[in-house]
Amino acid sequence: MEEQPITPALVEEHNLTAAEYERIVATLGRTPTLTELGIFSVMWSEHCSYKSSRVHLRRLPTRGPCVIQGPGENAGVVDIGEGEAAVFKIESHNHPSFIEPYQGAATGVGGIIRDIFTMGARPIACLDSLRFGPLLDAKNRFLLDGVVAGIAGYGNCIGIPTVGGEVYFDDSYSLNPLVNVLCLGVARRDQIFYGKASGVGNPVIYVGARTGRDGIHGATMASAEFDETSQERRPTVQVGDPFQEKLLLEACLEAFKTGAVLGIQDMGAAGLTCSTCEMGARGGVGVRIELDRVPQREEGMTPYEIMLSESQERMLMTVAAGREGEILEIFRKWDLEAAVIGEVIADGVMHVEQGGRVVARIPNTALTDDAPVYERPLRRPAYLDKVNALNLDRLALPGGLFRAFKDMLAAANLCSRRWIYRQYDHMVRTNTALLPGADAAVLRLKGRRAALAVTTDGNGRYTWLDPRRGAMIAVAEACRNLVCAGARPLAATNCLNFPSPEDPEVMWTFAEVIDGIAEACAAFGTPITGGNVSFYNETLGKQIMPTPVIGMLGVIDDVERRMDIAFKEPGHAVLLLGETLEELGGTEYLELVHGLKQGPIPRLDLQREANLQGAVREMIGAGLLASCHDVSEGGLAMALADCCFASPDPTMAVEVTLAQDLREDAILFGESQSRAVVSAPDAHADRIAAIAADWSVPCALIGRVSRDVFAIRLNGHTLVIDDVISLRDIWTTSLETILH
Amino acid sequence: MRAKVYVTLKRGVLDPQGKTVQRAVKSLGFKEVLEVRQGKYFELALPDDVAADRARQVVEEIARTVLTNTVIEDFRFELEEA
Amino acid sequence: MRAKVYVTLKRGVLDPQGKTVQRAVKSLGFKEVLEVRQGKYFELALPDDVAADRARQVVEEIARTVLTNTVIEDFRFELEEA
Amino acid sequence: MKFGIVVFPGSNCDHDAYHVAKHVLGEEAVFLWHKDESLQGCDVVILPGGFSYGDYLRTGAIARFSPIMKSVGRFAADGGRVIGICNGFQILLEAGLLPGAMLKNERLKFVCRHVHLRVETCRTPFTGLCAPGEVLSIPVAHHDGNYFADAATLAELKAHDQIVFRYCTEAGLLRAEANPNGSAEHIAGICNRAGNVLGMMPHPERAAEAMLGSADGLKIFQSLLAAPAGAR
Ligand SMILES: Nc1ncnc2c1ncn2[C@@H]1O[C@H](COP(=O)(O)OP(=O)(O)O)[C@@H](O)[C@H]1O
Ligand SMILES: [Mg+2]
């Protein structure tokens, strides 16, 4: 069966170019078997090999005093003090979620959680970063509903709280929703596990779910190997089993405690193939496996199918010789499948046998480090000049700014995300010290004074209009969100969602985004410890906006000093830190009210941003603030509203009086960077002003927290005034209203 | 008229529900059960005077578009006079 | 041998899932559908050589004790030769 | 006092309950494995929240067959104190240790949020430190918390003062909008006739420290510590 001739058509169906195929033949010194062709095909795919992105990713800063493990492992690891390490990473599951939103999103959650506990960490939280087309379209509502239910279905069941995230709506995502999930775990610093095989003769153990014919993409050809029925039995969608993964998680953590586990890797994309060759390559050894010993869900699976299956909830581990019994016993206790399927060998090859016959034998490095790398051509997109030619003089103020404000409160991109996060168990494990609705999620570390803060950010419209600066703003906003929650930003992860890398204009935006992230991360001292690249987010020629999502982790030294965004007491002074410029390009307001998706996007001065963050940290550290919220999408008016609505008291309101010689809409809705709204008792106002002055951050007393009446006055007239309860109502229920 | 619609997972699609039930059943001592697959079952009530053809057409379409996730599930249905 | 078990909510127990499906069906323009009730459907595989009586007894017991919560649900089942 | 927290496959609030018993209350706490039968001499058994067996068939349906549940049944019959929280409540219903059943939430969505509970009876060892009618703020997190019982059972529950908590507004009023799941008579928690077995959907273990937004749940655990001893 294996002797099926490899034809050019077969090669093409495996998404390999003729040149790549020649390279395979040269590496092996012979024609590959069909199984080998399949293995090369998945390992050299964009998804596994990063062949288009690798040359660019090298420019990201990945080192720093806190970094224990940077990119290259299952997840990044950073030191969080007192012998503990945080393990975190973000992953995309965009394409599967479009095909089947519930299962696509669910298995995305399952996959990233495995990446975390495979490193020896107990996962403590997830965040989800989502993008959909406009909700006017029933198909997009269906996708949102399914994706949120899928994330909830998996995360809630496995018992890991989904504590935050973000969601944006834009037409470019209509045929390509984005589903990115970040998972964060905590481990003992000295008990991190790596995906590395070692010790010739050590057994290799397969644990978890049985292998089925799930998600085998490679070949759809009618060939001798695959008869009609096996085609039909090959589901394109994997079904997640969070219960199984919960058992796997507990069993793995228990197995790690024995000291018998030497290396472990989860089977995600490219399943058994990927874990086998990567573990071998990292350890500089080889791995020999026998497919007959692999637990299988169905009969008659071919080596091709077993090696390429993407069945979920599976792991591969190497164990100290002689101690396999102990490990198998633990998995049995948790009612899980576990079997010794091979051993570590000296040759650096992936050696696969079935029925005593060798079905694949490939040098590990040919599949990993030596996989093709492309310097794809780059070309600055022509659209950029056109969309960055906004002339504010030609932009009329809307008839009623109050009306515009109400529309913004109800806008899908700005309204409350309650409908989403209430479907997520965001409290399980009892660590969530800042609930969703804040700038960042805060997780206490039981038994310690310190806590972790985590957020995801990425405004696709910004990066579409200005890839480099947009990416820098994403990093800046992520840091700012953490700082506003009282944290010190530590390190970042990133998920880069782009259309086809074969389009030079896309590749140019990709390169720009990398440079933007690199520059900003270097400036803020937040190295990138891992991430994910998702290309080919385009359907029928329609491309998504380039959408980098930054996940940022920070530490709060004293959890009691965490900060939230809610106004606390009527009478408190409300201050605006930072400078408001006449900037409307790229804003939510410009698109919502004027129907314009135009730049230039807000300026970002890294030094000013650092000053703002430094000032805010000092104010929070000194215990001066009652609330703190960064100003982002929707501008100052939205930020003020957020601070009111975040209070459990529905009558909490604010009255501000602004005086500035700028367009009124820019003052209210402009998205100038490096700003924050803070509130504090009057007695602290002087010290706040002094700290701001020290950091050269403009600081203006703009109003007071009030009760019932929400009012914004500008240059002597009232722009907005209403009963806060009715405004709050618009904002809280908007998503529900749109969706039901 | 009454329609009964059965929705089952396609062959080859993992059925965690069924598998879990099967395990439980086994551990309760029912060794005879070799496999359990779990699906959904719907009863639709239609007016008695709907023509069988029309009923068939309506139920088929509802089953396909609403009751079944055709990416992973199949369905079949029966019509029954009340 | 194959057993098919149908579990449905008792009359009088509210079925919000069925209601939601019904609403969806209606909004799609199928005015004919008067009511939708959602239940569960199980297929159990038994060895071919089990005596029908024994099979009946086993399936009945599994359906009653495991597959159904008799406070809110009823069940019925059929046996089928393979 | 010794707390035993049962670990079913799929339990995920077991560590949270343990944390409260051991580190917040400073009492003794042990995990009880579902395949064991011994309750290790515990004074209180907690059936924690989570998704036992994935809740794939029905919530709590399979967990009730665990070996440990036989012992829990005997323990309860002898007057031992048992709290089922969320999935634990669902298991108690499936096991017949409490009457009624759980349906899917009326709105068919999982719901995680803080709710208000009115304490309906203080006669139980779980509510001894509460005032009648007192309103507690405690979160819920479930997909199947829509309590159902037929009219006769509901009448029985009332006749024997078995309704322990009801969902209410902050001011203690029973209102549809304060009921997160459509539960009959706004029921959030019930006990058996003797009062030694409590099932509740809200999670008191998530509201036992001010840092988490509320410490009202602690009252339930503290009531247990204050109550005269039950069976062993
Ligand atoms: N998809 C989501 N899942 C969970 N929480 C979300 C999601 N989207 C937004 N949130 C939460 O809603 C709040 C507001 O989100 P966002 O407007 O993006 O905040 P910011 O502008 O401060 O970054 C945050 O606390 C965020 O974590
Ligand atoms: Mg944001």
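Numbered from 1 within each chain, the chains take letters A, B, ... in sequence-line order. Quantities reported herein were computed from a predicted structural model and do not represent experimental measurements.
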request  = Write down the atom of D:Ile62, the atom of B:Val21, and the distance for their closest heavy-atom approach.
outcome  = CD1-CA, 4.3 Å
inquiry  = For B:Arg56, is the CZ atom crowded, meaning more than 12 foreign heavy atoms sit under 6.0 Å from it?
reply    = no
message = As an exercise, state the distance from OH of D:Tyr53 to CZ of B:Arg23, rounded to the nearest 0.5 Å.
response = 10.0 Å
ask   = Who wins among B:Pro16, B:Ser27, B:Ala24 for the most heavy-atom pairs under 4.5 Å with chain D?
value = B:Pro16
